[in-house]
**Q** 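Structure provided below as structure tokens; questions to follow.
Only this structure's heavy atoms are used, side chains among them; waters, hydrogens and symmetry mates stay out. Throughout, a chain's letter reflects where its sequence line sits, starting with A, and its residues are numbered from 1.
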Amino acid sequence: MVGEDPGVAVAEPKAAALSLSPDQQIALYRQMVRIRRFEEKAAQAFMRAEIKGFCHLYIGEEAVAVGALSALEQRDAVITAYRDHGVALARGTSARACMAELLGKRTGCSKGMGGSMHLFDRAHHFYGGHAIVGSHTAVAAGLAFAQQYENTGGITLCLLGDGAMNQGVVSETLNLVSLWRLPIVFLIENNEYAMGTSVARSSAGLPLVNRGSAFDMAGRTANGMDVEDVRASVAEAVSLARTEHLPTLLEVKTYRYRGHSMSDPDTYRTKQEIAEQKKNDPIFLYRKRLEERRILTEDLAKQIDDEARAEAQDALTFAEQSPEPDLELAFSLLFSPEDRIDPVPRPRYSDI
Amino acid sequence: MAKITYRQALNQALAEEMERDPAVFLMGEEVGEYQGAFKVSQGLLQRFGPKRVVDTPISEAAFSGVGVGAALYGLRPVVEFMNWSFSFVAFDQLVNNVGSLRFMSGGQFDLPIVFRGPSGGGTQIGATHSHCPESWFAGVPVLTVVSPAFPEDAKGLLKSAIRSNNPVFFFEGERLYGLEGEVPDAEFLTPIGQARICREGGDLTIVSGGYSTHTALSAAGALAADGKEADVIDLRTIKPYDFDRIAKSVQKTNRLLIVEENKPFAGWGAQIAYDIQHRLFDWLDAPILRVTGLDIPQPYNAKLEGQVLPNVERILAAARQLLA
């Protein structure tokens, strides 16, 4: 059984998604389970102080990254905020490279320089994990600008939290992308809380998706606990971006079961609220749905879960056994080699 | 050699590099239809079109971030700040993103981007428009900080900055845009990290940069009337600065005066003074002195602003103190 299982069957039977084959539906399910098991393993590693600093878990929000990224092509760009483990995994970054980064190891996807909040994977067009709230939305617009400039046909998906919507740079960026008709989708992962401050206590003009209308952006909402609903909404927004060069602001309602980060005592909401939300667990609901569609058997579900557990354990073992980076490596990452001008001297001013 | 203005030199550098590489584009407030707030981009929109000469709203944080994203993707943005003092609303993009993304991604992404525009005072536009943030940005480990004083270097350094695979913060001077100087007709690049010797003398070394180089040169001329001759070194690149060139001069003159327009506390001259005392202690015959902007916000009043900026009188007084 999947972790965090509320044990209550509330899944609504839905018609099979038109465009999703049984294999695709299984793949969505498998991806969510992978992320859940990875995050549970990360939580354990954090409790054992193998992971230090901040560690923001994606548990409860799996359907958002999995559904959204399943609607993209490989050439598209993905960028997100600091709750980035699930996004990186859904984009194709290996569990080993992600876990090794959480442990600060040389084999991590950012060579141990970034940590939990700063996962990057160029090969998969994943432009990071960004930890200054709202800051990356402007960078995302730059990715979309470059895609348009180079006429690649690609689009950019930028995930951001509900809290980011109150940063000035986000409003500036929404204006720019609409003005310039950039091929981009902004997906607000509204998990109800910006750290410990609820949306209601931080934001006027709700729902947040309304903010886009001030800039003539297309606006959509989706149920972030329903992976197929997220996928369908993102697919529409992606199509608008790709074919019409129209940006969309998409608000996806979701919920995180764990604290803001591992160091959050979670005192700003009740246990009842969390328990109530867990009835909408995206993995549990999707499993029920796939069982009703007779796509997923108990055996297959168990096999998927076993594989996800094994993958997470393998990732942690790999990370534990990986070497630490050293200062030599760190200094080597500062500058790109020059190949169009004479080498620039790069003294270390800290040297004595 | 043709005699052109500093403004025209920058314009030529932009045009040549945009001609050379389709990935280079210019973005900022009023760079296109307005032809540039200081006419640095005059004619570029007509020549390269709106795709590559991009007018932005007044949104420094957003368009700086757009530059970052475009650079991550492989383009070579030149982002203009109408005034470097306006860059502060984009400080997060400049310090956190430009300053960290290559490193923090384990070296996966390059940031071939230039941020440029005028900095400094002297035009009576008050405290909010007269900052010299060169030293602030030089405090970020990966940033290269360039500040040419002459048209030739403005052109050669901007071309180098655009071709660099690393982020370059390029500081021009509003008071320098109309300055004329000889610029080679043939294609040339000025190397990043090399100082220029503007005047030679054996009694004293004066190190300066940007507009202050010209003030230092005026002071050196006045000093000659005392029978004292100064080496005047124009840094051209603030970071990494040309330690070897300064050291060579100090080993000849044994006296160092630093002239910098920024405020005194932790200005770039403090770093140079530290390095020289640390590595050439035995070569110095007098304490290193710095003439900086006075330690107050920039006043509007003309007479006061003239006193706040490094001026010939204060440089001469410091030089005489060093030579006494």
**Q** With a 4.0 Å cut-off on N to O distance, would you call Arg196(B) and Glu152(B) a salt bridge?
**A** yes
**Q** Relative to chain B, which segment of Asp339(A) carries a heavy atom at a distance below 4.5 Å: side chain, backbone, both, or neither?
**A** both
**Q** Which bit of Gln93(B) comes within less than 4.5 Å of chain A, counting heavy atoms only: side chain, backbone, both or neither?
**A** side chain
**Q** Under 4.5 Å heavy-atom distance to chain A, tell me which part of Ala71(B) shows up: side chain, backbone, both or neither.
**A** neither
**Q** Using a heavy-atom cutoff of under 4.5 Å, enumerate the residues of residues 233-240 of chain B that contact chain A, numbered in order, or state 'none'.
**A** Lys239(B), Pro240(B)
**Q** Which region of Ser64(B), side chain (C-beta onward) or backbone (N, CA, C, O), has a non-hydrogen atom less than 4.5 Å from a non-hydrogen atom of chain A, or is it both or neither?
**A** neither
**Q** Tell me the closest heavy-atom pair linking Asp242(B) and Gln194(B), and the distance in Å.
**A** OD2-CA, 3.5 Å
**Q** Could you tell me which portion of Phe243(B) (side chain, backbone, both or neither) has an atom closer than 4.5 angstrom to a non-hydrogen atom of chain A?
**A** neither
**Q** Who are the side chain to side chain donor-acceptor pair (under 3.5 Å) partners of Asn96(B), not counting sequence neighbours?
**A** Asp92(B)
**Q** Check each atom of Leu119(A) against the heavy atoms of chain B and say whether the ones under 4.5 Å are side chain, backbone, both or neither.
**A** neither
**Q** Using a cut-off of under 4.5 Å on heavy-atom pairs, state which of Pro22(B), Ala70(B), Gly107(B) scores highest against chain A.
**A** Ala70(B)
**Q** Name the region of Arg106(A), side chain, backbone, both or neither, that has any atom closer than 4.5 Å to a heavy atom of chain B.
**A** neither
**Q** Heavy-atom pairs under 4.5 Å with chain B are the metric here; pick the option from Ala138(A), Ser336(A), Gly142(A), Ser110(A) that has the most.
**A** Ser336(A)
**Q** Below 4.5 Å from any heavy atom of chain A, which atoms of Leu72(B) appear? Answer side chain, backbone, both or neither.
**A** both
**Q** Of the backbone (N, CA, C, O) and the side chain (C-beta and beyond), which part of Ile132(A) lies under 4.5 Å from a heavy atom of chain B, both, or neither?
**A** side chain
